[in-house]
Structure formats: C-alpha cells, structure tokens
Amino acid sequence: MKNWLMKSEPDAFSIDDLKKAGTEPWTGVRNYQARNFMRQMQPGDRVFFYHSSTAVPGIAGLGTVASAPYPDPTQFNRKSHYFDPKATREQPRWDMVDVRFERKFGNVLALSTLKANEDRLEGFGVLQRGSRLSVMPVTTAQARELLKMAEENDGQ
DNA sequence: GCCAACGTTGGC
DNA sequence: GCCAACGTTGGC
C-alpha cells in the first residue's frame with residue numbers, strides 16, 4: 001500500500017464534502033507530474049487530504065484510493081472548465097482516480113505544525129521550496145510520522 | 001491582494 | 001531549442 005497527499009481548496013471541495021459524498025471522482029488535475037503520480041495509484045492506497053488556500057492550510061483527514069486510474073471525463077466535455085481540446089477519447093491526456101472518505105482528523109494538522117516538526121518529515125513534499133503539486137507521493141516513514149502527529153494533534 | 005515559484009505557450 | 005510572456009498555485 002502506498003501513501004499519497006492530495007490537495008483541495010476546501011471552498012471548492014473539503015474533507016466534509018468528501019465525507020458527505022462517500023466516494024468522489026478526483027477530476028480536474030491538469031499537471032503532468034500530478035497525473036503521472038495518479039497513474040501509479042492503486043485501490044487501497046492511503047490519501048492524506050490537504051486543505052490549501054484557506055485560513056488554516058493543512059491535512060484535514062484521510063481517504064482511500066477507491067479505483068484504478070481511468071480517463072478524466074471532464075477533458076472531453078466542452079462545457080467543463082477542465083475541457084482539453086487536445087484530448088481525444090482514443091488518446092486521453094488526463095487520468096484520475098476515485099477517492100473514498102476514510103476519516104476526518106479532530107483538528108487539522110496545520111502546515112505550521114508540519115513546519116515546526118520538519119525534522120520528523122525529511123523530504124516531505126509539502127515542505128519543499130516552491131512545491132505546488134496537487135498530488136504527491138508520501139513515503140512510508142513520512143506517513144507513519146504524519147499519523148502520529150495527527151494523534152498528538154488531536155490530544156490522544 | 002501581493003508575490004514568489006513554477007509550468008506552459010509560442011515566436012523566433 | 002531558447003526564452004519572454006503569460007497563467008496558476010498557494011502561503012501570507
């Protein structure tokens with residue numbers, strides 16, 4: 001099982017929205033590096049759900065990859081904001097997975113907390129300079145620390 | 001709203 | 001292939 005971090009702006013789609021939806025198709029990723037990571041995903045992989053562009057950015061909870069990668073249908077939809085005129089059904093450009101809600105942290109594991117514990121998270125993507133990727137791999141060691149930090153952060 | 005960092009586009 | 005211009009991301 002691999003671990004991943006996926007970003008979302010909570011104004012657009014939050015951990016609460018994922019909880020309500022149960023499972024959500026993760027449409028709209030239009031960055032090749034992020035797409036390539038999604039292509040490596042397998043059902044059962046763990047997802048750290050990150051809230052970006054918000055008052056308290058950070059990891060809000062956990063999800064699970066709930067499908068194999070498949071073509072993002074919004075790339076074919078002229079009316080979609082994510083329409084890509086260069087994509088065809090024969091040769092899709094953009095892939096995605098479904099993500100299922102797992103649990104919401106009691107408290108958001110804030111970016112400021114992650115930064116304060118940088119020594120426990122060597123090489124963690126979110127803390128790398130200039131990192132803007134919306135989908136990133138998380139190592140097993142980082143995942144273990146993040147889960148521990150989430151527990152500490154929730155006062156357990 | 002600002003701005004640094006980065007990706008993409010397109011002229012040459 | 002270079003690189004300026006432009007667009008986007010995302011913290012602050």
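A, B, ... follow the sequence lines: proteins, then strands. Residue 1 opens every chain.
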Pairs meeting criterion salt bridge (Lys or Arg N to Asp or Glu O under 4.0 Å) with involvement of residues 66-75 of chain A, two or more places apart: Arg30(A)-Asp72(A)

Contacts under 3.5 angstrom, residues 53-67 of chain A side chains, donor-acceptor by atom type, not counting sequence neighbours:
unit_1	atom_1	unit_2	atom_2	d
Thr64(A)	OG1	Glu102(A)	OE1	2.4
Ser67(A)	OG	Asp98(A)	N	2.9

Residues pairing under ring pair (Phe, Tyr, Trp, His ring centres under 6.0 Å) where one sits in residues 35-68 of chain A, two or more places apart or in two chains, turn out to be Trp26(A)-Phe49(A), Phe49(A)-His51(A)

Those residues that, when tested against Lys148(A), pass side-chain contact (heavy atoms from CB on, under 4.5 Å) (two or more places apart): Arg120(A), Glu145(A), Glu152(A)

Residue list, side-chain contact (heavy atoms from CB on, under 4.5 Å) with Arg39(A), at least two apart or on another chain: Arg35(A), Asn36(A), Asp95(A)

Nearest-Å distance for atom pair CG/P, residues Asp11(A) and dG10(C): 13 Å

For residues 75-87 of chain A, which residue pairs pass the salt bridge (Lys or Arg N to Asp or Glu O under 4.0 Å) check, not counting sequence neighbours? Asp84(A)-Arg93(A)

Whole-Å distance, Arg129(A) CZ to dC12(C) P, equals 15 Å

Just by protein heavy atoms under 4.0 Å, how would nucleotides 1-9 of chain C read 5' to 3' in B, S and -? ------BBB

Which parts of residues 109-124 of chain A get close to DNA chain C, meaning a heavy atom less than 4.0 angstrom away? Leu111(A), Lys115(A)

Regarding Ser14(A) and Asp17(A), is there a side-chain donor-to-acceptor distance under 3.5 Å anywhere? yes

Which residue pairs pass the ring pair (Phe, Tyr, Trp, His ring centres under 6.0 Å) test when at least one of the two sits in residues 52-104 of chain A, sequence neighbours left out? Tyr32(A)-Trp94(A)

